[in-house]
Novice: 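Supplied in structure tokens, the structure appears directly below.
Protein chains get the first letters and strands the later ones, always in sequence-line order, with residue 1 at the start of each. Predicted, not measured: the structure shown is a model, and the values here were computed from it. For the numbers below, each heavy atom of this structure counts, side chains included, while hydrogens, waters and symmetry mates do not.
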2 protein chains.
Amino acid sequence: MVVTPSPLTLKLRHSGYLDEDDGAALDALCARPRMVEAGIDVVREGDPPGPVHLIDDGFACRYKTLPDGQRQILGLLLPGDFCDLQSSTLRTLDHSIATLTPCAIVELPQKTVDELTLAPTRIARAFWWGALVDESIQREWLANIGQRPAAKRLAHLFQEVLLRLHRVGRADAHACECPFTLSDMSEMLGLTAVHVSRVLRELREARLITLSQRRLDLPNPDRLRAFCDFDARYLHLSGGDAGELRWGADGPDGTGRSRRHFVDP
Amino acid sequence: MVVTPSPLTLKLRHSGYLDEDDGAALDALCARPRMVEAGIDVVREGDPPGPVHLIDDGFACRYKTLPDGQRQILGLLLPGDFCDLQSSTLRTLDHSIATLTPCAIVELPQKTVDELTLAPTRIARAFWWGALVDESIQREWLANIGQRPAAKRLAHLFQEVLLRLHRVGRADAHACECPFTLSDMSEMLGLTAVHVSRVLRELREARLITLSQRRLDLPNPDRLRAFCDFDARYLHLSGGDAGELRWGADGPDGTGRSRRHFVDP
DNA sequence: CGTACTTTTGAAGTGCCTCAACGGTAGTGG
DNA sequence: CCACTACCGTTGAGGCACTTCAAAAGTACG
């Protein structure tokens, strides 16, 4: 009987640190997930460290709420993503995590996680690789919100979602599930829901995307990529099995004003 | 002879994972830093992994340049901060690092770093703690840029700089060095330099800050903190020796719309 | 078949940007 | 010592991207 690997395994294969047995061990971890409905806090800012959570299916997010009630979504959690791998080291969560759709969530006891992460194993290396990719995505979000106008911000988000779902086998070449509300997207991008609605119309009219019935389609990936200068390197996808999709930048950036480089003597 | 500990040691003491000997070992690493002038790229996007860099003195930053030449500063690197601890695991740098002022930079060979980080030691734990705090700061920057208006953004940045310098012994209770140009600050905050200049005037006129001759003074920390809802928990400073400065929020946020919590059965 | 939540569209306001000019300061070389 | 250059900070005027407020149509659910 052939079993499809868990999203966690599919994602961590991109790290290059896993072998076949590791994949099987990770799949075993993901047996028996728990179903959680949409709009539920999985962990809350300030909670004491408990079991570690892993999204096996569905869409969730990290977020912070400011005192005036505004919410900023700090990142998306898709199948194969850990919610709070780091909680035990930091000892206190500095943000919350909520489901955006119904989710299948795996809970791992701290003890299991410590055994996997503290020993110098291939799996530990792959876990840290995953955490570092998450950090890289954070940085790209900062640049996205800080520098791009609304339409490009949205376009950039859609490309990321498609690629991240693709790497865990949940998307085909240019279409995927996309169940976000306008409010969700506005909180990810630092915009208002009203403005997201208008910008979405622009993107549709420009034939860059179609989005309806929770389904996203990017009919012309090259044009969309050029439109928002999407450069997929920040996702650190392995070059190995990426033959089907070509998402890299056309070349290194050549326009920046030159800054001298510090080279070893 | 009494030697003041290195910024790295002072910072990692907040983790709670170090003992006295560990501190001495870290201080030894920081001997013989290298002097680098202002405006130099320490590492560049796409560079192959080389030695790991650590700021021992001065101000530097992570940044990304978009194809149209705009630069987003992704984070500040202050004394005690690692520039690229993660480069070997990810295998390719997804952003660049540049000095903002003349800096003293320590270079550590990959081999040394691997020995320190891959083994299950107290120092390895403290290093990861440091990386996770950096990640937490990233998230706060995202919320800052995404949700706050310009004046609060700037005020928030100043508080962070003061506290981060304070934790490595480079600031007193409410004043510190602050050598940023308007352009630097605009690139950190997703604003233009012109607008930063105007907002800075507002903050001065409101007697919330004084900033001149590269010196920042926050004469009324409580008012400033209230002004921009600064909540220092994201810096994960140890509660232990923080008696001198009280920067926490007045209480957990109570204004957010309620979201149900997912509790273990 | 109501109730609650989305999405859409309009009209008006504003925070921030762009363009432009000018003053201050530091470093350089005559 | 004074020119000259380069960069940084300040201020003004005008414009645009995005927000706010408001109303109505579409959609999901018990």
Novice: For A:A175, enumerate each residue passing the side chain to side chain contact (heavy atoms under 4.5 Å, CB included) test, keeping only those at least two apart in sequence or located in another chain.
Specialist: A:D172, A:R215, A:D217

Novice: Without decimals, in angstroms, what is the distance between A:F180 CZ and C:dT6 P?
Specialist: 15 Å

Novice: Please report, rounded to the nearest Å, how far the C1' atom of C:dT8 is from the CG atom of A:L211.
Specialist: 14 Å

Novice: Suppose we screen for salt bridge (charged side-chain N to carboxylate O under 4.0 Å, His left out). Which residues come up paired with B:R167, at least two apart in sequence or across chains?
Specialist: B:D81

Novice: For nucleotides 14-18 of chain C, give me every protein contact, N/O to N/O, under 3.5 Å, one pair per line with atom names.
Specialist:
unit_1	atom_1	unit_2	atom_2	d
C:dC16	OP1	B:A150	N	2.9
C:dC17	OP1	B:T192	N	3.3
C:dC17	OP2	B:T192	N	3.2
C:dC17	OP2	B:T192	OG1	2.9
C:dT18	O4	B:R198	NH2	3.2

Novice: Assess, by modelled atom type and distance only, whether the side chains of B:W141 and A:Q138 contain a donor and an acceptor separated by less than 3.5 Å.
Specialist: no

Novice: Rounded to whole angstroms, how far apart are NZ on A:K152 and P on D:dA17?
Specialist: 12 Å

Novice: State which residues pass salt bridge (charged side-chain N to carboxylate O under 4.0 Å, His left out) with A:E140; sequence neighbours excluded, sorted by chain then number.
Specialist: A:R148, B:K64

Novice: Report yes if the side chains of B:R164 and B:I137 come closer than 4.5 Å at any heavy-atom pair, otherwise no.
Specialist: yes

Novice: My understanding is that only residues two or more places apart in sequence, or in another chain, count here; which of them pass salt bridge (charged side-chain N to carboxylate O under 4.0 Å, His left out) with A:D84?
Specialist: none

Novice: I'd like a table of atom pairs between the protein and nucleotides 27-29 of chain D - only N or O on both sides, under 3.5 Å - with the distance next to each one.
Specialist:
none

Novice: With a 4.0 Å heavy-atom cut-off, tell me which residues in residues 139-147 of chain A come close to DNA chain C, sorted by residue number.
Specialist: none

Novice: Could you tell me which residues satisfy ring-ring contact (aromatic ring centres under 6.0 Å, His included) with A:Y234, sequence neighbours excluded, listed by chain and number?
Specialist: A:H156, A:F230

Novice: If I take atom CG in residue A:L182 and atom P in nucleotide D:dT19, what distance separates them, rounded to the nearest angstrom?
Specialist: 13 Å

Novice: Grab the CD-C1' distance between A:E202 and D:dA17 for me, whole Å please.
Specialist: 10 Å

Novice: Which residues satisfy the ring-ring contact (aromatic ring centres under 6.0 Å, His included) test with B:F158, sequence neighbours excluded?
Specialist: none

Novice: Would you say that A:I97 contacts A:H53 through its side chain, given a criterion of any heavy-atom pair below 4.5 Å between the two side chains?
Specialist: no

Novice: Base, sugar-phosphate alone, or nothing: which one does B:R204 contact when heavy atoms must sit under 4.0 Å apart?
Specialist: sugar-phosphate

Novice: Once salt bridge (charged side-chain N to carboxylate O under 4.0 Å, His left out) is applied, do any residues pair with B:D57, and if so which ones, sequence neighbours excluded?
Specialist: B:R170

Novice: Give the angle between the helix axes at the two ends of the helix from C:dC1-D:dG30 to C:dG30-D:dC1, taking five base pairs at each end and rounding to 10°.
Specialist: 40°

Novice: Expressed as a whole number of angstroms, how long is the span from A:D184:CG to C:dT7:C1'?
Specialist: 13 Å

Novice: Give a yes/no on whether any side-chain N or O of B:R201 is located under 4.0 angstrom from OP1 or OP2 of D:dG12.
Specialist: no

Novice: Is any side-chain heavy atom of A:D184 closer than 4.5 Å to one of A:F59?
Specialist: no

Novice: Within the structure provided, determine whether A:P179 and A:L100 are in side-chain contact (heavy-atom separation under 4.5 Å).
Specialist: no

Novice: Which pairs of donor and acceptor atoms, one on a side chain in residues 189-202 of chain B, lie under 3.5 Å apart (sequence neighbours left out)?
Specialist:
unit_1	atom_1	unit_2	atom_2	d
B:T192	OG1	B:H195	N	3.3

